[in-house]
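Note sheet for the following structure.
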2 protein chains.
Amino acid sequence: MTALAFDRHNHDRCIAGALKRAETHCGARRLQFTATRRRVLEILLQEHRAMGAYDILAVLSSEGLGSQPPAAYRALDFLVREGLAHRIEGLNAYAACALPVHGPGHGPEHGQEDASDHGHVPAFLICRGCKAVAETETGLAQGRLGAAAREAGFSVERVVVEAEGLCPGCAGAGA
Amino acid sequence: MTALAFDRHNHDRCIAGALKRAETHCGARRLQFTATRRRVLEILLQEHRAMGAYDILAVLSSEGLGSQPPAAYRALDFLVREGLAHRIEGLNAYAACALPVHGPGHGPEHGQEDASDHGHVPAFLICRGCKAVAETETGLAQGRLGAAAREAGFSVERVVVEAEGLCPGCAGAGA
DNA sequence: CGGATATATGTAATGTTATAACATATCAAC
DNA sequence: GTTGATATGTTATAACATTACATATATCCG
């Protein structure tokens, strides 16, 4: 493992748990959690940081799971669509979903369908040093952005909240 | 003009004012508001929507202001650095800054240097139909994201807040 | 003014990220 | 076991962005 998300934790257990949840999630929805999809999620979980699609493709390729860009993009699209991973817009990269909050039987995992309902918006702390990503949630739609949207008659479908900066480790290392 | 930012307004006046402010801004800082830089800002103001660097390059090229990507990227980088335009991460595109809040004599325009100080974070409503962009501000660092950052010892340098959805016009048109 | 320095632009090449399009294979349901 | 849906393989290309180096223009100061 390379980049811990700022805090120490039992990483193997965290990975196994997340994979198990993904399995359950897909099973409940009759979705195929194929070898490639599973492996891509596992890679993201192991690294615990934002990775580019081509980084992931390199790993897949070395394991005989695909050699062309669509192999990576299709798996990533699936994981993002199911809320098992997130796209980090600010880095054009991807990270595993770190919130175990969503059990089976849900609709969209993070309230992306209509964020103005409950404001369950995923938010990320992204270290520009090591690219480690910490995930939290933010209640945003109740604030100024939601107010602006309502005032303008704008219907929000998806909200991106990303904070870029330095994690304690990289700040200490004088990045 | 194509995409109004959801509301009617005197667009010519809004453009002229913004250009004037940009001029003042640069003058006060001994920065060169060159023909290309000015024209790029003007294009973004006129369109009033997010535009890709290559869209802008096409216009510049047709006007003899440059033909290679760096012509567009350099001007855009300058405008973004000075807070006169913003990069819309979710679209890999750029939009003029719509907030006349910042007069001369400031430091960074939108508190990007240390967002935890005052939480003056620009936030965008982006229509996926017409790519119109409305800009507002959001006090974010005082909320859950700021709390998470403080708890983790993470120093926030830049915050991206982007809400994607449909503007009233595009929603009506059944996008 | 005139030379030195910093800033901006021109130009060519390349790197990175992402998708389109179509063929083939596998799964899931009946 | 056929059918329809879903997933993957493969080729090509589109879209976004940067590096590197040469040249030009502005700004500063003696």
Side-chain angles (χ1 to χ4, degrees), chain A residues 22-23 25-41 44 50-82 84-95 128 131 160 162, chain B residues 22-23 25-41 44 49-82 84-95 126 128 131 160 162:
Chain A
E23 221 162 74
H25 171 101
C26 293
R29 288 167 182 72
R30 301 278 141 73
L31 298 170
Q32 304 178 45
F33 196 43
T34 62
T36 304
R37 290 169 177 178
R38 181 188 180 90
R39 184 66 185 122
V40 169
L41 180 56
L44 290 175
M51 297 181 74
Y54 282 74
D55 296 336
I56 287 165
L57 179 59
V59 180
L60 293 180
S61 181
S62 78
E63 296 173 354
L65 284 169
S67 59
Q68 256 35 60
Y73 282 106
R74 282 166 177 161
L76 288 167
D77 286 350
F78 172 86
L79 295 172
V80 169
R81 195 183 328 126
E82 294 306 318
L84 301 168
H86 299 287
R87 179 176 161 78
I88 308 297
E89 296 291 346
L91 297 175
N92 290 337
Y94 302 83
R128 67 171 163 77
K131 295 212 190 316
V160 173
E162 297 175 1
Chain B
E23 222 161 75
H25 171 101
C26 293
R29 288 167 182 71
R30 301 277 143 75
L31 298 170
Q32 303 178 45
F33 195 44
T34 62
T36 304
R37 290 168 176 179
R38 182 189 180 89
R39 183 66 185 120
V40 169
L41 180 57
L44 289 175
R49 62 186 173 93
M51 297 180 75
Y54 280 73
D55 296 337
I56 287 165
L57 178 59
V59 179
L60 292 181
S61 180
S62 78
E63 296 174 355
L65 283 170
S67 60
Q68 253 46 55
Y73 282 105
R74 283 166 177 161
L76 288 167
D77 287 350
F78 172 85
L79 295 172
V80 169
R81 195 180 331 124
E82 294 305 318
L84 301 168
H86 299 288
R87 178 176 161 80
I88 308 296
E89 296 291 347
L91 297 174
N92 291 337
Y94 303 82
I126 305 158
R128 67 171 163 79
K131 296 212 189 313
V160 174
E162 297 175 1

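Chain identifiers are assigned alphabetically (A, B, ...) following the order of the sequence lines, protein sequences preceding nucleic acid strands; residue numbering begins at 1 within each chain.
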Heavy-atom pair of closest approach, residues A:A50 and A:A93:
CB-CB, 3.9 Å
C:dA18 C1' sits how many Å from A:Q68 CD, rounded?
13 Å
For B:G90 and A:E89, work out which heavy atoms get closest and say how close.
CA-OE1, 3.7 Å
Pairs in or reaching into residues 52-62 of chain B: which pass side chain to side chain donor-acceptor pair (under 3.5 Å), with residues at least two apart or in two chains?
none
Nearest 0.5 Å please: distance from the CG atom of A:L76 over to the CD1 atom of A:I56.
4.5 Å
Checking B:R87 side chain against B:V80 main chain: does a donor-acceptor pair fall under 3.5 Å?
no
Sorted by number, residues from residues 56-67 of chain B placing a heavy atom under 4.0 Å from DNA chain D are none
Nucleotide D:dT6, atom P - distance to CZ of A:R37 in whole Å
11 Å
If I compare all heavy atoms of A:T36 with all of A:A71, which pair ends up nearest, and what's the gap?
CG2-O, 4.2 Å
Determine all donor-acceptor pairs shorter than 3.5 Å in which one atom belongs to a side chain in residues 63-70 of chain B; sequence neighbours excluded.
{"unit_1": "B:E63", "atom_1": "OE1", "unit_2": "B:R39", "atom_2": "NE", "d": "2.8"}
{"unit_1": "B:E63", "atom_1": "OE2", "unit_2": "B:R39", "atom_2": "NE", "d": "3.3"}
{"unit_1": "B:E63", "atom_1": "OE2", "unit_2": "B:R39", "atom_2": "NH2", "d": "2.9"}

For each nucleotide in nucleotides 13-20 of chain D, reading 5' to 3', give B when a protein heavy atom comes within less than 4.0 Å of its base, S when such contact involves only the sugar-phosphate, and - otherwise.
---BBBBB
Do you know which two heavy atoms are closest between A:Q32 and A:R37, and how far apart they sit?
O-NH1, 2.7 Å
When you look at B:F78 and B:T34, which way does the side-chain contact (heavy atoms from CB on, under 4.5 Å) test go after all the steps?
CA-CA 11 Å; B:F78 172 85; B:T34 62; over 6 Å; no
List the steps, then state whether side-chain contact (heavy atoms from CB on, under 4.5 Å) holds for A:L79 with A:Y94.
CA-CA 10 Å; A:L79 295 172; A:Y94 302 83; over 6 Å; no
Classify every nucleotide of nucleotides 23-30 of chain D by which part a protein heavy atom approaches to under 4.0 Å, writing B for the base, S for the sugar-phosphate alone and - for neither, in 5'-to-3' order.
---S----
For B:F33 and C:dT7, give me the distance from atom CZ to atom P, rounded to whole Å.
19 Å
B:E23 side, atom CD; B:R38 side, atom CZ - distance, nearest 0.5 Å
4.5 Å
Could you tell me which non-hydrogen atom of A:A72 sits nearest to which non-hydrogen atom of A:L60, and how far apart they are?
CA-CD1, 4.1 Å
To the nearest 10 degrees, the angle between the two end axes of the helix from C:dC1-D:dG30 to C:dC30-D:dG1 (five pairs per end) comes to 40°
Stepwise side-chain contact (heavy atoms from CB on, under 4.5 Å) test for B:L44 and B:L84
CA-CA 10 Å; B:L44 289 175; B:L84 301 168; over 6 Å; no
